[in-house]
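For this chain, numbers begin at 1 and follow the sequence in order.
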Amino acid sequence: MASNSSTLARFAALVAVLIASALMPACKPVFTLNGSAIDYTVYHTVSVSEFPIRAALVYPPLQPMFENALLDYIARNTRLQVTDGPSDLRIEGEITGYTLSPQAVTEDGYGSMTRLTITVRVKYTDEKAEGKDVDQSFSAYREFPSSEMLTDVQDSLCEEICEELVDLIFNATLGDW
């Protein structure tokens, strides 16, 4: 008989907890799966200007490759409408660095690896809130064996680097990290 009263007491306590939690104002955490920290009641549009190449070494396909990667990332990870005119948020900048440097020098003095580094300067302007603007440079690199020709690996390296740069830029601007 004691076990029946203890089971009944547990059941009554469970029902009381369920009723209390249903009557209390709900506090629910809100998570975004894309890492974006955008208040869509305030922000509706973003403009992304061209990113001209201002580096000493120029790889012409890099500009559209980077711009498309940035626009695609914004479209996939936000509900912002990309506009050409006035907007709530503006992203502009330039590709300031495209450099090759030898890495992992061997005992005979030759580099066994080469590093391709791309640097992008970004100016992010929030037209709705003060103090959220960003003006900063972002760099990313990939290394490849010096025995390979740059022309053979350039496209894939640039794509990988652009993806990393876009991720860094998004986190520092729209992601608000």
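The backbone N or O of Leu80 sits nowhere less than 3.5 Å from a side-chain atom of Tyr43 that would complete a donor-acceptor pair. Formation of a donor-acceptor pair under 3.5 Å by the Asp133 side chain with backbone atoms of Asp126 is found in this model. The backbone N or O of Ile169 lies less than 3.5 Å from a partner atom in the side chain of Thr173, making a donor-acceptor pair.
Summarising the geometry, atom CD1 belonging to Ile161 is positioned 9.5 Å from atom CD belonging to Gln154; distances are rounded to the nearest 0.5 Å. Residue Met113 holds its CE atom at 8.5 Å from CD of Glu148, rounded to the nearest 0.5 Å. Atom CG of Asp155 and atom CD of Glu160 lie 11.5 Å apart (nearest 0.5 Å).
Note on Glu130 versus Lys132: no salt bridge recorded, every NZ/NE/NH1/NH2 to OD/OE distance being 4.0 Å or above. Of the charged side-chain nitrogens involved, at least one lies within less than 4.0 Å of a carboxylate oxygen, so that Asp88 and Lys128 count as a salt-bridged pair.
Linking ILVMFWY side-chain heavy atoms closer than 4.5 Å, directly or via other members, places Met149 and Val153 in two distinct hydrophobic clusters. A continuous path of Ile, Leu, Val, Met, Phe, Trp and Tyr side chains, each step under 4.5 Å between heavy atoms, connects Leu168 with Tyr98, placing both in one hydrophobic cluster. Both Tyr40 and Val48 belong to a common hydrophobic cluster when Ile, Leu, Val, Met, Phe, Trp and Tyr are linked at side-chain heavy-atom distances under 4.5 angstrom. When the side chains of ILVMFWY residues are joined at heavy-atom separations under 4.5 Å, either directly or via intervening members, Tyr141 and Ile118 end up in two distinct hydrophobic clusters. Residues Met65 and Ile91 do not share a hydrophobic cluster, clusters being chains of Ile/Leu/Val/Met/Phe/Trp/Tyr side chains in contact below 4.5 Å.
A 4.5 Å side-chain heavy-atom check between Cys162 and Leu62 finds at least one atom pair inside the cut-off. In this structure, Thr45 and Val82 have side chains that are not in contact, with every pair of non-hydrogen atoms separated by 4.5 Å or more. Under the 4.5 Å side-chain criterion, counting only non-hydrogen atoms from C-beta, Thr119 is in contact with Ser137. Side-chain contact between Leu116 and Cys158 is present, with heavy atoms from C-beta onward closer than 4.5 Å. Between Glu164 and Arg142, some side-chain heavy-atom pair lies under the 4.5 Å cut-off. Between Ile38 and Leu174 there is a side-chain heavy-atom pair separated by less than 4.5 Å. A 4.5 Å side-chain heavy-atom check between Glu163 and Asp167 finds every atom pair outside the cut-off. The shortest distance between side-chain heavy atoms of Glu50 and Gln63 falls below 4.5 Å.
Within a 6.0 Å radius of CD in Gln81, other residues, nucleotides and ligands contribute 12 heavy atoms or fewer. In the displayed structure, Gln103 atom CD is contacted under 6.0 Å by more than 12 heavy atoms of other residues, nucleotides or ligands.
Ring-plane geometry between Phe66 and Phe51 is classed as perpendicular, the angle between the planes exceeding 60 degrees on a 0 to 90 degree scale with a lower cut at 30.
Nearest heavy atom pair, residue Thr83 against residue Pro86, reads OG1-O, 3.7 Å. Across all non-hydrogen atoms, the minimal contact from Gly93 to Ser49 is N-OG, 4.0 Å. Contact between Ile74 and Thr78 at its shortest, heavy atoms only, is O-OG1, 2.7 Å. Minimum interatomic distance between Ala140 and Leu165 (heavy atoms only, all atoms of both residues): N-CD2, 3.7 Å. Looking at every heavy atom in both residues, Ile53 comes nearest to Leu57 through CG2-O, 4.5 Å. Of all heavy-atom pairs spanning Leu100 and Leu150, the tightest one is CD1-CD2, 3.5 Å.
Between the side chains of Thr114 and Ser146, at least one donor N or O sits under 3.5 Å from an acceptor N or O.
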